Amino acid sequence: MSLDNKESAAPAPSDFIRDIVAAHVAENKYPRIHTRFPPEPNGYLHIGHAKSICLNFGIAREFGGICNLRMDDTNPTKEDIEYVESIQADVNWLISAWADDKLGLKPKGQTPKAISEDGKRDFYLPAVTDASARSGLEPFYASDYFDQIYDYAEQLIEKGKAFVCDLTPEQTDEYRRNALESPFRNRTPEENLDLFQRMKAGEFPDGTRTLRARIDVASPNIWMRDPLIYRIRHAEHHHTGNKWCIYPMYDFAHCLSDYLEGITHSICTLEFEVHRPLYDWILESLELPRPLPRQYEFARLALGYTVMSKRKLMQLVNENLVTGWDDPRMPTISGIRRRGVTPQSLRNFAYNIGITKYNGLTDVAVLEYAIRDDLNKRAQRRLAVLRPIKVTISNYPEGKVEELDAVNNPEDESAGKRKIPFSRELFIERDDFAEVPPPKFFRLKPGGEVRLKYAYIIKCEETVKDADGHITELRCTADLDSKTGGATAARKVKGTIHWVSAAHAVDAEVRLYDRLFTVPDPGAEEDFKSTLNPHSLEIVTAKCEPSLKDAKPEERYQFERMAYFALDLDSRPGKLVLNRTITLKDTWAKEAQKW
RNA sequence: UGCCCGAUGGUGUAACGGUAGCACAAGUGACUCUGAAUCACUUUGUCUAGGUUCAAAUCCUAGUCGGGCAGCCA
């Protein structure tokens, strides 16, 4: 219950975009603030998208607005329904219980309605935010506006602001580079209209003609040099099927999609900055009656020890370097989710890194901190031994079993207690014993004492070795009065370690994930794949306390002194599979490295 | 090369002409039946050079460095 307090109690974030929005609210510039999150369904969403989602939905949340989810699907050759579905799932997961009431959708199948103001032709598609009617709703699709966008293109032609160009792709490129006017630039509106309609009718093959905006071929900004706004693509579209063989370019479709949905603040990343004059030119040239959306740009997220480009992520998937888009090592939202990270910690992370126009490289430690901070408050504590070594308590009766009390979450008293069985034969962590202990080693060593969490203080009397000299077992004695609550329980022993009763332990496949790459900026490498971390996944069979048999998918666990874990979707009754979300901070590892 | 954008501790950010602050990281200590968490303390910064001003991280000029764009991708 208190988990969300931090989020709601935190001061509202402040950044240059929110400052602008706040000013617009103060001057009543718009009836309502309306943002949008417009992914292209050509890949899975990653943590960089999460930053954008948190920004756009955050603004809607803070300023009483709406944020539309829109598929920016104007290129049928790269997009797929699989991505549409994953995007919806990821967005819903990330905003759940936070901004799901701000999510703008539309009734299934609905397209913009023609409206008329002052006799001007206009279209509008309002958003619905009713979460209870979610089943009858769907995201917005730019492809749902193809009719309207086509109409706008004809209007541009009629105004003499667009023309059909017959130049080849290579010629177009050359003309634009050299600031030359297309020889087809001065065709009449009638001829352009005729040719454009015949493009639509499918009379011409791919690449033979385009529709171009008629702006200024000498502009210093390449995107104003008569940019293409429609191209021919005889291809089936995942949402519109075979209805179209011409498709609008991003620049033409995006600003108009924003307009049709009544978007007020169109927030995108820095690389679109140079497109903004074109965004404005299109909307202004059409002389649209309603308030125009404006574009604002911020720096995309770059995160240490990972790659973020869809192309590179796609490569990892296609070349089987990971198990899929949702591999827990991937920076995708689905991978992060599978790893066990909560949406809350992702949101906290997004809040912590801020919004600027500076292209930096964010330290993964910031993400890791957000994850630990959230899981520390949330996770049920459990005892589990990842790399077991056997311990026999020689002065503890054979066959005796005690049920000891264990605290479920010291950060949250309401999480209660549970019982864990103790017996003569146990497992402890191999790393918790050292035959030749380094300095400041507070754990078990020959002749040394250590506290077993919730149980007794034990002393190592003898090590048992196999023929190769490897330690196979530790013979210990327990101070039988030192049990929690006992006569000598208050004795100060420097170390406390976790353990599991051998006879009661349940096995679990535990997947120990580490960062995918070995360098802070793999994307800057000649070959990013050469920097993959060969130890990014280690699988062990852990010995777990019996209560873990009932582990639940939605629950988070901390194996005390080790790490946070979550059930993997491969887990089945009788076959536990757990993912290590993130290790606990390990100060000892740093100390031990000095030796 | 042209155009656009940016630059504050190790990293990410705040300060909107008036005491350079926060978070992470790092370090020291306290506490500890998790070497976690928590608590206290500490180290480290305004790209450079001019100018405006009583006063500049902030405004102006030039430079340096970094990023982006120059797909019939988005």
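Within every chain, numbering begins at 1; the chains are lettered A, B, ... in the order of the sequence lines, protein sequences first and strands thereafter. No experiment lies behind these values; they were computed from the predicted model shown.
- Taking the 5.5 Å centre cut-off and the 30° plane limit, the aromatic side chain of A:Trp223 is not classed as stacked on B:A70.
- With both pairing distances under 3.5 Å, B:A15 is matched to nothing as a Watson-Crick or G-U wobble pair.
- Nucleic acid contact class of A:Lys590 (heavy atoms, under 4.0 Å, all strands): sugar-phosphate only.
- Here the C1' atom of nucleotide B:A14 and the CG atom of A:Asn352 are 13 Å apart, to the nearest Å.
- With P as the reference atom, B:A37 and B:A23 are 15 Å apart, rounded to whole Å.
- Few gaps surround NZ on A:Lys310; more than 12 heavy atoms of other groups in view lie less than 6.0 Å from it.
- For the C1' atom pair drawn from B:C59 and B:G27, the interatomic distance equals 39 Å after rounding to whole Å.
- Here A:Tyr250 does not lie in a stacked arrangement on the base of B:A74, lacking the combination of planes under 30° and ring centres under 5.5 Å apart.
- Checking B:A49 for Watson-Crick or G-U wobble geometry (two distances, each under 3.5 Å) identifies B:U61 as its partner.
- Nucleotides B:C47 and B:A20 have their P atoms positioned 15 Å apart, rounded to a whole Å.
- Figure legend. B:G66 is base-paired to B:C5; pairs are counted as Watson-Crick or G-U wobble with both atom distances under 3.5 Å.
- The nearest whole Å value for the distance from the OH atom in A:Tyr175 to the P atom in B:A70 is 22 Å.
- Anti is the classification of B:G67, since its glycosidic angle lies more than 90° from 0.
- Put simply, the side chain of A:Tyr152 reaches to within 4.5 Å of the side chain of A:Phe252, judged on heavy atoms.
- A donor N or O paired with an acceptor N or O is not found under 3.5 Å between the base of B:C69 and the side-chain atoms of A:Asn221.
- Searching all strands for a Watson-Crick or G-U wobble partner of B:C41 with both distances below 3.5 Å returns B:G27.
- When both pairing distances are held under 3.5 Å, B:U32 makes no Watson-Crick or G-U pair with any nucleotide shown.
- A:Tyr296 contributes atom OH, which lies 5.5 Å from atom CD1 of A:Ile20 (distance to the nearest 0.5 angstrom).
- A heavy-atom distance below 4.5 Å is not found between the side chains of A:Phe184 and A:Asn192.
- Among A:Arg491, A:Arg443, A:Lys494, A:Lys492, the one residue that satisfies the salt bridge (charged side-chain N to carboxylate O under 4.0 Å, His left out) test with A:Glu449 is A:Arg491.
- Distance check on atom C1': B:C24 versus B:C60 gives 36 Å, rounded to whole Å.
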